[in-house]
Amino acid sequence: MVDFTLTDEQKNLRELAHDFAEKEIRPVAWEYDKDGTWPEDVFRKAHEVGLMNTHVPEAYGGPELSYLDGCLIEEELSWGCSGITTSLGANGLASAPVILAGSEEIKKRYLGMLVEELTYASFCLTEPGAGSDVSSMRTRAVRKGDKYVINGQKCFITNGTYADWYTVYAKTDPDAGHRGISAFVVPRDETVVIDKKEDKMGQRASNTATVTFNDTEIPADHILGEENQGFKIAMMTLDRTRPGVAAMATGIARAALEYATAYSKERVQFGVPIAMHQAIQFMIADMATKVHLSRLATWQSAVLLDNGMGNTIESSHAKRFAADSAMEVTTDAVQVYGGYGFIKEYPVEKLMRDAKIMQLYEGTSQIQRLVIARETLLPRRVEQPQAAATA
Ligand code: CAA
């Protein structure tokens with residue numbers, strides 16, 4: 001049976017996240033956007049009320065929420081501010097590979113750290129020369145006795161400046177293409193250098209930095225899974241986290257729709273509120289349809305995971321559609337506001353800037369289409385091991 005009814009627990013969770021977004025995020029979101037400063041206070045409160053690390057299994061002290069639960073939370077928080085939500089949710093992305101492939105000892109130590117107190121972790125995949133084409137990465141990990149030594153540079157790393165540990169992908173067999181990549185947990189030490197905090201168009205409250213590993217030594221048992229399994233671990237991670245990004249895009253689009261709807265009822269032109277004009281009504285209708293379909297695709301891609309099934313194509317459908325829709329809906333919201341929409345004093349300008357990254361990070365809209373095309377032409381349903389969500 002297909003049933004979109006949320007349980008009472010899920011409704012409560014959504015309400016908790018919405019209240020948090022309304023009281024703790026929205027009132028400060030525009031200030032943090034302007035300054036591009038780090039909203040530590042917001043994260044501290046989110047950690048206290050249990051809105052961070054929601055994916056961590058109970059065995060390691062977390063609440064082990066489902067993927068759908070994670071998406072409910074992310075839509076609400078992102079409705080408040082997607083920049084703050086990106087940083088707030090980044091622990092989920094960094095720790096998904098640990099949950100998937102880490103040893104018991106590593107899970108206890110590093111997932112436990114995130115739950116116990118407010119600490120941060122970052123996912124280090126992208127490099128200056130290796131974005132969409134993951135397997136062309138150049139970071140190296142060389143085994144020396146009971147250690148690995150890591151050298152290389154990762155860029156566009158969410159929370160890179162503040163992370164206490166990093167999930168790092170590096171070549172262990174440089175001649176083997178995607179089959180020569182391994183994944184590691186790397187605790188921060190003095191050999192990890194934060195080179196650059198990016199000054200971004202949108203999501204300015206989230207931290208994005210370049211992280212360089214200079215002869216960084218880690219114990220050999222900090223590898224995730226077997227040597228040279230890293231590419232698949234990365235792909236399985238992204239299958240798990242793309243529904244959350246789609247949920248965030250839905251939250252941005254919903255916020256834009258709400259602002260545009262309210263404004264269209266107030267703004268009078270040609271003697272009536274502009275909402276009375278069919279030109280505006282049709283824009284509002286298309287915006288509402290996009291929000292609705294984004295949410296449906298997001299929920300389905302999450303529920304498949306919750307049921308232990310593969311969701312590669314569905315998470316790409318959801319991420320691609322919701323991201324492109326967020327860009328379209330926020331652009332239309334600016335249009336509904338007319339000239340005022342272009343002014344920073346009004347809320348939709350920020351939403352349009354924030355929406356752009358949705359089409360870029362965790363796989364561009366073009367990469368999602370590539371995955372969708374491949375899975376359509378040559379279907380390959382990967383059964384996923386049951387694991388917790390990544391909000
Ligand atoms: N699950 C399990 N295995 C998978 C898989 C999946 N979803 N997708 C691919 N694989 C396996 C394939 O079966 C294949 O296995 P074999 O070695 O047995 O043949 C192997 O992985 C290689 O697959 P492909 O041939 O499809 O690999 P490719 O090099 O053509 O790349 C790609 C595919 C989809 C383009 C991939 O590189 C990709 O997703 N690129 C986008 C990267 C991305 O999303 N980066 C985001 C960085 S994180 C971020 O943005 C967050 C932040 O902090 C800002």
Side-chain angles (χ1 to χ4, degrees), residues 82-83 85-97 100-101 120-137 139 154-163 166-169 173 176-181 183 197-198 200 202-203 206-211 225-226 228-246 248-249 301 304-305 309-317 319-320 323 354 356-385 387 390:
S82 66
T85 307
T86 289
S87 272
L88 202 147
N91 282 359
L93 176 60
S95 52
L100 272 169
Y120 304 99
S122 292
F123 182 80
C124 298
L125 183 67
T126 303
E127 299 184 2
S132 295
D133 182 10
V134 171
S135 64
S136 66
M137 70 173 59
T139 296
K154 299 287 178 177
C155 65
F156 305 149
I157 304 307
T158 300
N159 294 359
T161 306
Y162 299 96
Y166 303 85
T167 304
V168 179
Y169 295 84
D173 184 351
H178 71 266
R179 291 186 182 151
I181 295 170
K197 174 187 173 289
E198 303 294 352
K200 303 184 304 260
Q203 295 210 340
S206 78
N207 172 265
T208 309
T210 296
V211 181
E226 302 290 318
N228 301 325
Q229 280 186 347
F231 188 89
K232 282 195 187 175
I233 293 170
M235 293 302 117
M236 289 172 74
T237 296
L238 293 168
D239 284 350
R240 286 169 160 64
T241 56
R242 284 174 181 157
V245 178
M248 282 174 54
S301 66
L304 284 170
L305 280 175
M309 294 164 73
N311 76 335
T312 300
I313 189 168
E314 290 83 0
S315 78
S316 283
H317 281 313
K319 205 284 187 173
R320 200 293 286 164
D354 286 349
K356 187 61 207 171
I357 192 67
M358 295 290 150
Q359 295 178 302
L360 302 172
Y361 66 15
E362 295 208 28
T364 62
S365 290
Q366 288 66 35
I367 286 297
Q368 307 311 325
R369 285 181 175 86
L370 185 85
V371 172
I372 293 165
R374 285 183 184 177
E375 294 283 321
T376 303
L377 293 164
L378 197 63
R380 173 187 56 91
R381 179 147 300 273
V382 184
E383 292 305 320
Q384 303 280 0
T390 51

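All ligand and atom numbering here is 1-based and tracks the order in the structure. Values reported hereafter were calculated over all heavy atoms of this structure, with side chains retained and with hydrogens, waters and symmetry mates removed.
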Does the N or O separation between Gly363 and ligand 1 drop below 3.5 Å for any pair?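 For ligand 1, there is an N or O atom that lies under 3.5 Å from one belonging to Gly363.
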
Could you tell me if [Y] and [X] have a donor-acceptor pair between their side chains, going purely by distance under 3.5 Å?
{"X": "Ser87", "Y": "Asn207", "result": "no"}
{"X": "Thr312", "Y": "Glu375", "result": "no"}
{"X": "Asn159", "Y": "Ser122", "result": "no"}
{"X": "Ser206", "Y": "Lys200", "result": "yes"}

Ligand-residue contact atoms, ligand 1 with [X], heavy atoms, under 4.0 Å:
{"X": "Leu370", "value": "35 (C)"}
{"X": "Thr312", "value": "7 (N)"}
{"X": "Thr126", "value": "47 (C)"}
{"X": "His178", "value": "16 (P), 17 (O), 19 (O), 20 (C), 22 (C)"}
{"X": "Phe123", "value": "48 (S)"}
{"X": "Asp239", "value": "1 (N), 6 (C), 7 (N)"}
{"X": "Val371", "value": "34 (C)"}
{"X": "Leu238", "value": "43 (C), 44 (O)"}

Using heavy atoms and a threshold below 4.0 Å, how should the contact between [X] and ligand 1 be classified: side chain, backbone, both, or neither?
{"X": "Thr364", "answer": "neither"}
{"X": "Thr208", "answer": "neither"}
{"X": "Phe231", "answer": "side chain"}
{"X": "Leu93", "answer": "side chain"}
{"X": "Thr158", "answer": "both"}
{"X": "Thr86", "answer": "neither"}

My understanding is that we take every heavy atom of each candidate and find the minimum distance to [atom]. Doing that for [options], which one comes out nearest?
{"atom": "atom 18 (O) of ligand 1", "options": "Arg240, Glu362, Lys319, Lys232", "value": "Lys232"}
{"atom": "atom 44 (O) of ligand 1", "options": "Gln203, Lys154, Gln368, Arg242", "value": "Arg242"}
{"atom": "atom 38 (C) of ligand 1", "options": "Met236, Arg179, Arg374, Met235", "value": "Met235"}

Determine whether a donor-acceptor pair (N or O, by modelled atom type, separation under 3.5 Å) exists between the side chain of Asp354 and the backbone of Gln203.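 Indeed, once roles are kept as given, a pair shorter than 3.5 Å links the two residues.
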
Do Arg179 side-chain atoms and Asn228 backbone N/O form a donor-acceptor pair below 3.5 Å?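 Absent.
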
Atom CD1 of Ile372 and atom CZ of Arg320: how far apart are they, to the nearest 0.5 Å?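 So the CD1 of Ile372 and the CZ of Arg320 are separated by 6.5 Å.
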
Return the CG to OG1 distance between Leu93 and Thr241, rounded to the nearest 0.5 Å.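 Reported to 0.5 Å precision, the distance equals 5.0 Å.
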
Between Tyr361 and Thr86, does a side chain to side chain donor-acceptor pair (under 3.5 Å) hold up when you go through it step by step? CA-CA 11 Å; Tyr361 66 15; Thr86 289; 2.8 Å; yes

Identify the residue among Phe156, Tyr166, Tyr169 that makes a ring-ring contact (aromatic ring centres under 6.0 Å, His included) with Phe123.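 Considering Phe156, Tyr166, Tyr169, a ring-ring contact (aromatic ring centres under 6.0 Å, His included) with Phe123 is found only for Tyr169.
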
Go through it in stages, so that I can follow the logic: the residues are Leu370 and Arg374, the test is side-chain contact (heavy atoms from CB on, under 4.5 Å), and I'd like the CA-CA distance, side-chain angles, deciding distance and then a yes or no. CA-CA 6 Å; Leu370 185 85; Arg374 285 183 184 177; 3.9 Å; yes

